[in-house]
Amino acid sequence: ARLPGVATPTRPATPAPRVDVRTLPPPALARRLALPRYARCHATWPVQTKRGCAAACTYCVYPQLEGTAWRLRDPAAVAAELRDAQDAGLRAAEFVDSIFGLPPGHALEVCAEVIAAGVTLPLLTMDLSPRAVTPVLTDAMNAAGFTAVGITIDSASDTMLATLGKGYDAAAVYHAAETARGLTARRLWFLLLGGPGESAATVRETARFLARLPAGDLVYATYGIRVLPGTALARQLQASGALPPAPDLLAPVFYAAPALDAARAYTLLLDGGFPASHLITQHDSGTRWLPAVQRVAAFLGIAPPYWRFVPWLYHARRLLRV
């Protein structure tokens with residue numbers, strides 16, 4: 001409990017020192033883990049290109065955990081780490097930055113070093129920012145070997161994007177979708193519905209965006225937002241009386257706009273014309289068949305991400321009535 005940055009149930013975390021990530025030694029996981037066993041389980045190698053987050057999303061604690069400024073790793077060191085993963089027999093690597101693609105110059109340098117290092121691993125990221133999606137970056141990601149990306153937009157409503165503090169508007173979301181067509185990687189769009197002010201009207205705005213996505217794109221949608229300590233969302237809800245003045249947020253507390261429920265929100269998304277077989281929800285994530293499918297796919301040597309098979313699985317479930 002005396003370590004900086006560690007919280008206890010009775011004491012909030014003290015600030016942890018912000019280190020220069022360029023001075024950190026390489027992870028050298030091969031010296032610490034039995035990587036051949038992970039490779040046999042088709043594990044994905046996680047890699048960070050930076051720490052910190054300069055975004056100001058109202059619900060997020062990354063700025064508290066890692067700082068509010070980007071602290072960038074040496075792109076050559078990132079590429080060397082990926083070569084280690086490749087040499088260890090891992091079958092894919094995933095960038096697990098708080099946001100991938102920002103700042104844009106650094107993301108381009110990482111892609112260039114990955115190419116120069118001869119990395120041939122399939123690359124993934126589930127945190128690509130719509131603000132980062134440019135033709136230059138899509139070309140670089142294609143050349144580096146990205147096979148799957150998740151693009152976190154949360155909403156396509158100006159009202160909700162402003163409420164969530166995303167730092168971009170619906171026009172930027174539409175522009176990102178048009179530009180992302182240039183990615184050879186499969187695309188999964190993330191929605192975070194149910195924030196303060198969410199209504200049938202704002203969900204319909206998002207539905208109109210989904211209806212314009214390319215036929216092969218998938219969407220993962222949730223309804224309700226985890227309220228975390230020290231966030232702008234927590235302060236906003238406390239000020240409005242939606243939360244008590246000093247709630248114990250160590251136990252999970254969720255906020256969901258009362259104007260509609262999750263089922264109604266998902267119905268509105270589909271009413272806009274988006275195919276049901278391409279929409280993944282919280283309920284789908286918790287079904288018993290998904291872990292089984294993942295195990296079978298791994299056993300057969302099928303490379304992740306397995307979410308790209310969701311439309312086929314939906315059709316199979318309907319035929320089998322499971």
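Grouping Ile, Leu, Val, Met, Phe, Trp and Tyr by side-chain contacts under 4.5 Å, direct or through others, puts I225 with Y59, L164, L192, V227, L233, L237, L243, L249, V253, Y255. Membership of the apolar cluster around L24 extends to V19, V21, as traced through chained side-chain contacts below 4.5 Å between ILVMFWY residues.
Residues passing the side-chain hydrogen bond (donor to acceptor under 3.5 Å, both in side chains) test with N142 are T184, sequence neighbours excluded. Among residues two or more places apart in sequence or in another chain, the side-chain hydrogen bond (donor to acceptor under 3.5 Å, both in side chains) test is passed with T49 by D97. Every residue was checked against the ring-ring contact (aromatic ring centres under 6.0 Å, His included) condition with Y38, not counting sequence neighbours, and none meets it. With sequence neighbours excluded, no residue forms a salt bridge (charged side-chain N to carboxylate O under 4.0 Å, His left out) with D127. For A143, the side-chain contact (heavy atoms from CB on, under 4.5 Å) partners are I115, not counting sequence neighbours. A search for side-chain contact (heavy atoms from CB on, under 4.5 Å) contacts involving P252 returns R226, F254, not counting sequence neighbours. In this view, E205 and S157 satisfy the side-chain hydrogen bond (donor to acceptor under 3.5 Å, both in side chains) rule, not counting sequence neighbours. R208 pairs by the salt bridge (charged side-chain N to carboxylate O under 4.0 Å, His left out) definition with nothing, not counting sequence neighbours.
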Just list the side-chain donor-acceptor pairs under 3.5 Å for residues 79-86, sequence neighbours left out, or say none.
residue	atom	partner	partner atom	Å
E81	OE1	R73	NH1	2.8
E81	OE1	R73	NH2	3.1
E81	OE2	W45	NE1	3.1
R83	NH1	A117	O	2.7
Q86	OE1	T120	N	2.6
Q86	OE1	T120	OG1	3.3
Q86	OE1	L121	N	3.3

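The stretch residues 139-160 participates, sequence neighbours left out, in these ring-ring contact (aromatic ring centres under 6.0 Å, His included) pairs: F95-F146, F100-F146.
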